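Since the structure comes first, as structure tokens, the remarks are kept for the end.
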There are 2 protein chains.
Amino acid sequence: MAKIQSGKNVTKKETIIQKAAYLFKTKGYSATSMRELANTLGVEAPSLYNYIGSKSELIQAICSKVMSEFTINLDAIENNSETAISKLEAIVRFHIQKMLNNFDEVFVANHEWKHLKEPLLSTFLNQRRSYEKRLMILIENGVEKNEVRPINPYVAVLTILSAVRGLEFWYGHKKNVTQLELENEMVNHLLNGIIK
Amino acid sequence: MAKIQSGKNVTKKETIIQKAAYLFKTKGYSATSMRELANTLGVEAPSLYNYIGSKSELIQAICSKVMSEFTINLDAIENNSETAISKLEAIVRFHIQKMLNNFDEVFVANHEWKHLKEPLLSTFLNQRRSYEKRLMILIENGVEKNEVRPINPYVAVLTILSAVRGLEFWYGHKKNVTQLELENEMVNHLLNGIIK
DNA sequence: CCTACCGATCGGTAGG
DNA sequence: CCTACCGATCGGTAGG
């Protein structure tokens with residue numbers, strides 16, 4: 001009779017979610033079976049249902065956790081930083097750090113959200129749209145205060161978020177660049193461009 | 001007895017692949033069943049197998065088509081453009097155009113390649129790495145010729161490709177910006193930055 | 001192009 | 001935490 005291992009301060013449910021994030025990232029949500037998840041944890045599939053309600057609940061937990069972490073960070077940055085550029089820089093750095101430190105979960109939230117069931121799918125998309133909207137306002141403020149060139153705020157937000165998200169290709173790469181250098185390079189590129 | 005509709009110059013197999021690209025984009029490869037694909041085309045599932053060999057063949061066709069189109073374009077740009085910056089600009093514009101004009105296929109190649117079977121998975125990943133490598137060399141040349149600030153070529157390639165790929169969020173959006181304006185904004189952002 | 005059907009696998013439940 | 005098992009659905013084949 002095997003048992004699900006879980007460290008201190010981590011419930012078995014959280015352990016299951018963690019493993020699920022890894023598998024969803026690697027194989028995709030639909031291609032990951034509950035049997036495979038169970039075997040990875042060293043138990044039989046039905047045993048999982050003592051801790052969780054359904055497969056769908058797993059991706060739901062992952063997506064809403066990631067979303068709330070980004071939102072909470074944005075709350076803090078909006079209040080603490082001074083210039084629009086310094087706020088943008090702080091946001092880019094947070095995205096990079098989150099991407100590298102919580103890779104599986106962020107990846108799954110980015111790629112597999114479409115498998116959320118209503119009404120959670122709508123909630124997720126609304127939160128994401130609201131997050132983008134707040135970034136747009138931040139850029140608009142920068143333009144007004146003459147810190148930022150007169151650009152289309154939506155295109156700029158899209159460009160920045162997408163570039164940062166692209167670190168999923170970086171992850172696992174041979175690193176002749178430290179995380180700090182990576183942050184600096186990317187912040188620099190997105191804010192200053194590359195033309196000499 | 002229904003029939004698969006296909007226009008002139010388009011085989012039924014191509015029609016099937018097109019619809020498959022739409023469904024794979026919308027629901028993901030694993031969550032798309034051959035029955036659903038068949039019904040979308042107005043036939044029963046077994047009828048598809050008169051034109052294709054397997055479900056796997058569909059995603060294979062999509063991914064390899066997209067990959068070869070990008071490679072062919074890069075061949076042309078490497079030979080025709082002059083400065084490193086003008087080459088980069090042409091590449092960014094091509095990516096944007098491809099993304100907007102062949103959205104389903106490009107999206108699927110970007111998101112669902114992991115469901116390719118070996119040895120095609122390896123082939124795909126090798127081609128992608130080779131494409132990135134060529135872009136890195138292009139940037140390195142730009143640095144040498146003093147056109148481009150001394151940046152890490154890989155981070156720059158990652159930033160540019162990821163930003164452009166993020167147009168998948170743009171697609172279908174209400175467009176108070178034309179495609180040309182979008183191209184110009186994004187090229188400008190990625191090459192010149194946003195700081196005034 | 002269809003009907004009929006295959007073995008495999010899915011998410012999940014019953015009951016202990 | 002397990003065994004035993006459910007109905008549903010999967011990709012694909014046989015045969016016409």
Side-chain angles (χ1 to χ4, degrees), chain A residues 1-7 10-24 26-63 108 112-118 120-121, chain B residues 1-7 10-24 26-63 108 112-118 120-121:
Chain A
M1 193 186 295
K3 277 199 164 192
I4 296 176
Q5 295 278 359
S6 60
V10 182
T11 65
K12 295 194 179 181
K13 181 170 182 173
E14 285 165 343
T15 305
I16 294 171
I17 292 171
Q18 236 168 59
K19 282 281 187 202
Y22 172 77
L23 289 172
F24 293 167
T26 307
K27 317 190 53 172
Y29 175 77
S30 295
T32 301
S33 72
M34 296 303 278
R35 280 157 178 79
E36 184 178 6
L37 173 58
N39 290 346
T40 304
L41 289 158
V43 298
E44 298 300 321
S47 302
L48 296 176
Y49 291 89
N50 290 301
Y51 306 102
I52 63 165
S54 64
K55 182 184 182 185
S56 175
E57 185 188 314
L58 294 172
I59 193 167
Q60 184 191 131
I62 294 165
C63 289
V108 169
E112 304 291 325
W113 55 264
K114 72 174 77 160
H115 298 107
L116 288 168
K117 288 182 182 164
E118 292 289 8
L120 291 109
L121 176 59
Chain B
M1 193 188 291
K3 276 198 160 191
I4 296 176
Q5 294 278 359
S6 62
V10 182
T11 66
K12 295 193 180 183
K13 181 168 183 174
E14 286 165 343
T15 304
I16 293 171
I17 292 171
Q18 236 168 58
K19 282 281 187 201
Y22 171 76
L23 289 172
F24 293 168
T26 307
K27 315 188 56 171
Y29 174 78
S30 295
T32 300
S33 72
M34 295 304 277
R35 281 158 177 79
E36 183 178 5
L37 173 57
N39 291 345
T40 302
L41 289 159
V43 298
E44 297 301 319
S47 303
L48 296 177
Y49 291 89
N50 290 300
Y51 306 102
I52 62 165
S54 66
K55 182 182 181 184
S56 177
E57 186 189 312
L58 295 172
I59 194 168
Q60 185 191 129
I62 294 165
C63 289
V108 169
E112 303 291 324
W113 55 263
K114 73 175 74 160
H115 297 107
L116 288 168
K117 287 182 182 164
E118 291 291 7
L120 290 108
L121 176 59

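Residue numbers start from 1 in every chain, and the chains themselves are labelled A, B, ... in the order their sequence lines are given, proteins ahead of strands. Below, all heavy atoms of this structure are taken into account, side chains as well, without hydrogens, waters or symmetry copies. Small disclaimer: the values here were computed from a predicted structure and weren't measured.
Rounding to whole angstrom units, NE2 of residue A:H115 and C1' of C:dC10 are separated by 15 Å. One can place CE of A:M34 at 13 Å from C1' of C:dT13, the figure rounded to the nearest angstrom. Distance OH (B:Y29) to C1' (D:dG11): 9 Å, rounded to an integer number of Å. Nucleotide C:dT9 holds its P atom 15 Å from the NZ atom of A:K55, rounded to whole Å. What separates NZ of B:K27 from C1' of D:dT9 is a distance of 12 Å, to the nearest Å. Atom CG of A:N39 and atom P of D:dC1 are 13 Å apart (whole Å). With rounding to whole Å, B:F24 atom CZ is found 9 Å from D:dG11 atom P. With rounding to whole Å, B:Y49 atom OH is found 6 Å from D:dG11 atom P.
Using Watson-Crick or G-U wobble geometry with both donor-acceptor distances under 3.5 Å, C:dG16 finds its partner in D:dC1. With both pairing distances under 3.5 Å, C:dG7 is matched to D:dC10 as a Watson-Crick or G-U wobble pair.
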Please tabulate, one pair per line, all N/O donor-acceptor pairs under 3.5 Å involving side-chain atoms of residues 12-22 of chain A, not counting sequence neighbours.
| unit_1 | atom_1 | unit_2 | atom_2 | d |
| --- | --- | --- | --- | --- |
| A:K13 | NZ | A:E57 | OE2 | 2.8 |
| A:E14 | OE1 | A:T11 | N | 2.9 |
| A:T15 | OG1 | A:T11 | O | 3.1 |

* Apply side chain to side chain contact (heavy atoms under 4.5 Å, CB included) to B:L58 and B:M34, showing your working. => CA-CA 11 Å; B:L58 295 172; B:M34 295 304 277; 4.1 Å; yes
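In this structure, A:S33 and A:N50 both approach DNA chain C, and ranking their closest nucleotides by distance from the 5' end singles out A:S33. Place A:V43 and A:R35 on DNA chain D by their nearest nucleotides, and A:V43 ends up nearer the 5' end.
The side chain of B:A2 has C:dC2 as its nearest neighbour among C:dG12, D:dG11, C:dC2. Checking D:dC2, D:dT13, D:dC1 against the side-chain heavy atoms of B:P46 singles out D:dT13 as nearest. For A:K3, whose side chain is taken as the heavy atoms from C-beta onward, the closest listed nucleotide among D:dC2, C:dC1, D:dC1 is D:dC1.
For C:dC1, the OP1/OP2 oxygens have a side-chain nitrogen or oxygen of B:Y51 closer than 4.0 Å.
B:S30 and A:A31 get closest at one heavy-atom pair: OG-CB, 3.4 Å.
Nucleic acid contact class of A:T32 (heavy atoms, under 4.0 Å, all strands): sugar-phosphate only. Residue A:S30 is out of contact with every strand shown, counting any heavy-atom pair closer than 4.0 Å. B:S47 comes within 4.0 angstrom of a base, heavy atoms only.
Taking 4.5 Å as the limit, some side-chain heavy atom of B:Y29 sits within range of a side-chain heavy atom of B:K55.
Atom OG of B:S56 sits about 7.5 Å away from atom CG of B:L120, to the nearest 0.5 Å.
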